Protein chains: 2
Amino acid sequence: MALQQDIKVAVDAVIFGYESKGNLSVLLIKRGIEPFKDAWAMPGGLVLERESLEAAVKRELKEETGVRIDYLEQLYTFGKPNRDPRNRVISVSYFGLVRPNHFKIKGDTDAVDAKWFPVNDLPKLAFDHKKIFQMAAQRLKGKLMYQPIGFDLLSPEFPFSDLEHLYTTILGRDIDRRNFRKKIKSFGFVEETDKLHQEGSGRPAKLFKFNKQKYDTLVDDGFHFDIKFV
Amino acid sequence: MALQQDIKVAVDAVIFGYESKGNLSVLLIKRGIEPFKDAWAMPGGLVLERESLEAAVKRELKEETGVRIDYLEQLYTFGKPNRDPRNRVISVSYFGLVRPNHFKIKGDTDAVDAKWFPVNDLPKLAFDHKKIFQMAAQRLKGKLMYQPIGFDLLSPEFPFSDLEHLYTTILGRDIDRRNFRKKIKSFGFVEETDKLHQEGSGRPAKLFKFNKQKYDTLVDDGFHFDIKFV
DNA sequence: GTATATTTGTGTCAATATTACACAAACAAA
DNA sequence: TTTGTTTGTGTAATATTGACACAAATATAC
């Protein structure tokens, strides 16, 4: 009944980078071949025959950019017939969040060129990757509001202002420092240490740490993390 | 570098059915061929060469069950290498919600057999369809809490108890009638008519209607529907 | 060493939202 | 006319949110 199917399956990764005191950025690669040769695109590529989707996206990411990431979340599957001008290719997209300076990015010396771009200054993107990026950015913001993603991006012991900066950067807006602290503290999975941290001028900051074990326990007990601060 | 890829792309639909006074059910088909011959499965099948994913799932649904649905939402893409014991098949799954008695389901007279099953009494399912179903059920509940899905499932003018029943059925738990009414009314997109409706014994109920236009306006204005009642 | 700039840390009050809870009204059926 | 069933409604206690300002601790500039 159905014609013999010849559809390729690809994966793409929207990798956000966040650095203390830094901006939010996205990892892109410069395409070496047509179509869209020399345009920037999300890292990704075809899935191998006996490889899971997640394995594929991690592999491509490693090969093309040098970034190794453990946690990726599936975003959406894009499948319009003409999203690739040549063949029919559907793309299962993923997104993740890492610390850029944890990795040495493959650069001009390699066959491929990979770079971090600030999210509010992206080049023109290949295929439908602009749409993929937009969806990922929206999901990242949404996720931040009900899950404590991003604690891995901070130092094991971090001043509260780092966490605050992470949130303002990803959400792209200011938040009330006092209310934010109050809210986060009320969850009970950040713990105060007795260490202090000094950087530049200003009063030294207490260091805090994220108690993942406690967080997991809370989640198991059906706790529902939920931020709606201004 | 990469081997020639031969992966099939399929779509699957988790179609929930809700009827006034009814239970929540799911539409399944009985497989006519191996693997999993005679087992029940979600409707679905291979995507055609020049067909969008959404068109494919609607077409398969129509062909296999007779159900035509306008709104489907993408759920997740399942891609473990061995989810199909024969070939490599990845499945892009969708879910939707309809009124069962709006359709004549294809039955034993046809090549395929399709049936509604109550969600808490499902047969053993083919492939990884149990997992697909579970994910869909969870998403449906979640969605109900922040979007007024389901108003299409009610009559154009409905007693409030119908809406309440829809919610208790999908959520699988009781809710406080007074608080529910208060909350829904506060949103301002259900309007009271001056008609009454009588069914069986008991006080006649006022009829209400859903003002979709008003709802859309609110959404455009950035309104965020959000239910957390008990 | 004094003044200035910078960053951290903290509490209260008003407004709003949530939750728990019970009884009268309107009808059908017995 | 009594009984059973369903609809319709308000209030008070509690919890959450949101707005808001100033002192403490340090580095830096003079």
Side-chain angles (χ1 to χ4, degrees), chain A residues 20-22 144-146 148 154-155 157-169 171 173-209 218 222-230, chain B residues 20-22 144-146 148 154-155 157-169 171 173-209 218 222-230:
Chain A
S20 275
K21 306 278 166 191
L144 199 65
M145 304 301 271
Y146 64 91
L154 305 175
S155 315
E157 303 193 331
F158 55 89
F160 224 103
S161 56
D162 271 15
L163 185 60
E164 188 194 326
H165 183 256
L166 170 75
Y167 271 77
T168 55
T169 302
L171 296 178
R173 61 179 173 83
D174 279 357
I175 55 185
D176 183 291
R177 265 173 60 227
R178 273 182 288 195
N179 292 340
F180 179 67
R181 260 177 118 103
K182 212 189 309 178
K183 185 77 163 190
I184 298 289
K185 279 185 172 173
S186 76
F187 295 140
F189 49 66
V190 284
E191 286 167 2
E192 200 170 317
T193 70
D194 48 5
K195 295 178 204 155
L196 290 181
H197 173 76
Q198 176 77 35
E199 188 178 63
S201 76
R203 176 173 172 172
K206 284 181 207 159
L207 292 179
F208 293 81
K209 59 183 174 186
L218 288 172
F223 173 79
H224 190 62
F225 178 90
D226 193 7
I227 301 189
K228 286 206 284 253
F229 45 78
V230 163
Chain B
S20 276
K21 307 278 165 192
L144 198 65
M145 304 301 271
Y146 65 91
L154 306 175
S155 315
E157 302 193 330
F158 55 87
F160 223 102
S161 55
D162 271 16
L163 185 60
E164 188 194 325
H165 183 255
L166 170 75
Y167 271 78
T168 55
T169 302
L171 296 179
R173 61 180 172 85
D174 280 356
I175 55 185
D176 182 292
R177 264 173 62 228
R178 273 183 288 196
N179 293 339
F180 180 66
R181 260 177 119 104
K182 210 188 312 177
K183 185 80 165 188
I184 297 289
K185 280 184 172 175
S186 77
F187 295 140
F189 50 65
V190 284
E191 286 168 3
E192 200 170 316
T193 70
D194 47 6
K195 295 179 205 155
L196 290 181
H197 173 75
Q198 175 77 37
E199 189 179 58
S201 74
R203 176 173 173 173
K206 284 181 208 160
L207 292 179
F208 294 81
K209 59 182 175 189
L218 288 173
F223 173 78
H224 191 62
F225 179 90
D226 194 7
I227 301 190
K228 287 206 285 249
F229 45 79
V230 163

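To find a chain, count down the sequence lines: A is the first, B the second, and so on, and within it residues start at 1. Remember, predicted model here, so these are calculated numbers, not experimental data.
Judged as a salt bridge (charged side-chain N to carboxylate O under 4.0 Å, His left out), the pairs with a partner in residues 185-194 of chain B (not counting sequence neighbours) are, in order, B/Glu192-B/Lys206.
Nucleotides of DNA chain C nearest to B/Lys182 and A/Arg177 differ in position, and the one nearer the 5' end is that of A/Arg177.
If you take CG of A/Leu207 and C1' of C/dG9, they are 14 Å apart, rounded to a whole angstrom. In this structure, the CG atom of B/Asp174 is 14 Å from the P atom of C/dC21, given to the nearest Å. One interatomic measurement links the two molecules: CG of A/Asp162 to P of C/dT7, which rounds to 13 Å at whole-angstrom precision. If you take NE2 of B/His224 and P of C/dT16, they are 19 Å apart, rounded to a whole angstrom. Atom P of nucleotide C/dT19 and atom CZ of B/Phe180 are separated by 14 Å, given to the nearest angstrom. B/Phe160 has its CZ atom 22 Å from the P atom of C/dA25, to the nearest Å. At whole-Å resolution of the value, CZ in A/Arg178 and C1' in D/dA23 are 12 Å apart. To the nearest angstrom, C1' of D/dA13 lies 13 Å from CG of B/Asn179.
Under the rule for a side chain to side chain contact (heavy atoms under 4.5 Å, CB included), the partners of B/Thr193 that lie at least two apart in sequence or sit in another chain are B/Glu157, B/Lys195, B/Leu207, B/Lys209. Partners of B/Lys183 according to the side chain to side chain contact (heavy atoms under 4.5 Å, CB included) rule, which considers only residues two or more places apart in sequence or in another chain, are B/Phe187. A search for salt bridge (Lys or Arg N to Asp or Glu O under 4.0 Å) contacts involving A/Lys182 returns nothing, not counting sequence neighbours. A/Phe160 pairs by the ring pair (Phe, Tyr, Trp, His ring centres under 6.0 Å) definition with A/Phe208, not counting sequence neighbours.
Taking every heavy atom of residues 190-204 of chain B and every atom of DNA chain C, pairs under 4.0 Å involve B/Gln198, B/Gly200, B/Ser201, B/Gly202, B/Arg203, B/Pro204, by number.
The closest donor-acceptor contact from the side chain of A/Glu164 to the backbone of A/Leu166 lies at 3.5 Å or more, if one exists at all.
The phosphate of C/dT18 has OP1 or OP2 within less than 4.0 Å of a side-chain N or O from B/Lys183. Contact check, B/Arg181 against D/dG8: a side-chain N or O comes under 4.0 Å of OP1 or OP2.
The two residues B/His165 and B/Gly22 make their nearest non-hydrogen contact at CE1-O, 3.2 Å.
B/Lys206 comes within contact range of the sugar-phosphate backbone alone, with a heavy-atom separation under 4.0 Å but no base atom that close.
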